[in-house]
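Down below is the structure, laid out as structure tokens.
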Amino acid sequence: MQIEDTVTVQVKLSDWFNECPIWLRDAAKRLLGTDALSDHDYEELTTLCLQEVENLCESTEYTLPENAFDNINAYKLKLVSISDVQGINALAPKVPLQFGKGNLAVVYGQNGAGKSGYVRILKHACGARHPGNLLPNAYSTESVQQQCSIDYEKNDMAIHQVWVASSGFLPDLKSVDIFDASCGKIYVVAENEVTYEPPVLSFFSELISVSEKISSRLDAEIGKRPSKKPNLPPEYSNTSVGQWYGKLSIKTKKED
């Protein structure tokens, strides 16, 4: 019975998507096919949206893939190492910080050895709540981009990422929970609401976020355009051309 209900929901969602704008269908297809959209995806979706307004793109029906919302974003993940740290605290390791092959890794060292610095890197790279400030090396006058290399395994596949702090968290590492004393205070002292969001609702939350970003891009594009017609010199206002110019509006056809 549960399987039939799921199928019914997906059929209804497919029907609903086919009544939506073409660019939104394309956004849904991209979201279901990847963990996160790239800048190139957003550029193409913005262009598709503009083309749709001018009826320059063909409409095609879209059917949601079977079990589209079963455990989306569910995968096996394992941190391997952090290396090549630049511009973050006074960290300048000659060898990577390895997390080993087991399920438990213990990182130890004297005060000032850099343990907290590595925790801050993980909190920012994994999108932890209230990660704090990622500070540069206080003893260096050189301005260096804050970044490091992070190696991890996703579904047993080795992945090497050069993470730049200004780019935000890595989508693949969003599922990693980082817990230290400061995080503990957030959970214990502050008021927190525990919620569960089913995959289908999580998908629509992501789709809303995509729509908002497309809207911002369109607003920026509109801001670049002239907001009104150039003023016509007064001596031409009573001429036939001047009167025609005065009637120009958004409703004027290209033929006219």
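Owing to the predicted nature of the structure, the values given are computational and were not obtained by experimental measurement. FYI, side chains are in, hydrogens and waters are out, and symmetry mates aren't considered; it's all heavy atoms of this structure.
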Cluster question for you: counting only ILVMFWY and a side-chain heavy-atom cut-off of under 4.5 Å, with indirect links fine, are [X] and [Y] together?
{"X": "F169", "Y": "V176", "value": "no"}
{"X": "V164", "Y": "I82", "value": "no"}
{"X": "Y118", "Y": "V107", "value": "yes"}
{"X": "L201", "Y": "L32", "value": "yes"}
{"X": "F99", "Y": "I159", "value": "yes"}

Should the ring pair F17 and F204 be called parallel, tilted or perpendicular, given that the plane angle runs from 0 to 90° and is split at 30 and 60?
-> parallel
Nearest-0.5 Å distance that lies between atom [atom1] in [X] and atom [atom2] in [Y]:
{"X": "C20", "Y": "D15", "atom1": "SG", "atom2": "CG", "value": "11.0 Å"}
{"X": "S216", "Y": "E221", "atom1": "OG", "atom2": "CD", "value": "13.0 Å"}
{"X": "E19", "Y": "S14", "atom1": "CD", "atom2": "OG", "value": "11.5 Å"}
{"X": "S81", "Y": "H160", "atom1": "OG", "atom2": "NE2", "value": "8.5 Å"}
{"X": "L135", "Y": "S116", "atom1": "CG", "atom2": "OG", "value": "11.5 Å"}
{"X": "K29", "Y": "L24", "atom1": "NZ", "atom2": "CG", "value": "12.5 Å"}

Heavy atoms of other groups near N103 CG, more than 12 under 6.0 Å |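 No, CG of N103 has 12 or fewer neighbouring heavy atoms, counting only those of other groups under 6.0 Å.
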[X]: what forms a side-chain hydrogen bond (donor to acceptor under 3.5 Å, both in side chains) with it, not counting sequence neighbours?
{"X": "N133", "result": "none"}
{"X": "Q147", "result": "Q145"}
{"X": "S215", "result": "none"}
{"X": "R217", "result": "none"}

Could you check whether any side-chain heavy atom of [X] comes within less than 4.5 Å of a side-chain heavy atom of [Y], counting everything from C-beta outward?
{"X": "L77", "Y": "Y152", "result": "yes"}
{"X": "R120", "Y": "N89", "result": "yes"}
{"X": "Q161", "Y": "S149", "result": "no"}
{"X": "L122", "Y": "L79", "result": "yes"}
{"X": "V95", "Y": "P93", "result": "no"}
{"X": "V85", "Y": "L97", "result": "no"}
{"X": "L31", "Y": "F203", "result": "yes"}
{"X": "D84", "Y": "C148", "result": "no"}

Please output the side-chain donor-acceptor pairs of residues 234-249 that fall under 3.5 Å, not counting sequence neighbours, one pair per line with the distance.
| residue | atom | partner | partner atom | Å |
| --- | --- | --- | --- | --- |
| S237 | OG | P234 | O | 2.8 |
| T239 | OG1 | Y236 | O | 2.7 |
| T239 | OG1 | G242 | N | 3.0 |
| Y245 | OH | P230 | O | 2.7 |
| S249 | OG | K251 | N | 3.2 |

Show me the donor-acceptor pairs, under 3.5 Å and distance only, between side chains in residues 41-53 and residues at least two apart or in other chains.
| residue | atom | partner | partner atom | Å |
| --- | --- | --- | --- | --- |
| D41 | OD1 | R30 | NH1 | 2.7 |
| D41 | OD2 | S38 | N | 3.0 |
| D41 | OD2 | S38 | OG | 3.2 |
| E44 | OE1 | R30 | NH1 | 3.0 |
| E44 | OE1 | R30 | NH2 | 2.8 |
| E44 | OE2 | H40 | NE2 | 2.7 |
| T46 | OG1 | Y42 | O | 2.8 |
| T47 | OG1 | E43 | O | 3.0 |
| E52 | OE1 | I22 | N | 3.1 |
| E52 | OE1 | W23 | N | 3.2 |
| E52 | OE2 | I22 | N | 2.8 |

Verify, without hydrogens or angle tests, whether K154 (side chain) and K76 (backbone) share a donor-acceptor contact under 3.5 angstrom.
->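 Absent.
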Taking the side chain from K78 and the backbone from G102, do they hold a donor-acceptor pair closer than 3.5 Å?
->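 Side chain of K78 to backbone of G102, a donor-acceptor pair under 3.5 Å: yes, one is there.
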If you compare all heavy atoms of [X] against all heavy atoms of [Y], which two are closest, and at what distance to 0.1 Å?
{"X": "E153", "Y": "V80", "answer": "CG-CG2, 3.8 Å"}
{"X": "A125", "Y": "L173", "answer": "O-CB, 4.0 Å"}
{"X": "G117", "Y": "L91", "answer": "C-CD1, 3.9 Å"}
{"X": "W163", "Y": "G168", "answer": "NE1-O, 2.7 Å"}

Start with the C-alpha distance between C126 and L170, add both sets of side-chain angles, then the distance that settles side-chain contact (heavy atoms from CB on, under 4.5 Å), and finish with yes or no.
-> CA-CA 6 Å; C126 299; L170 291 173; over 6 Å; no
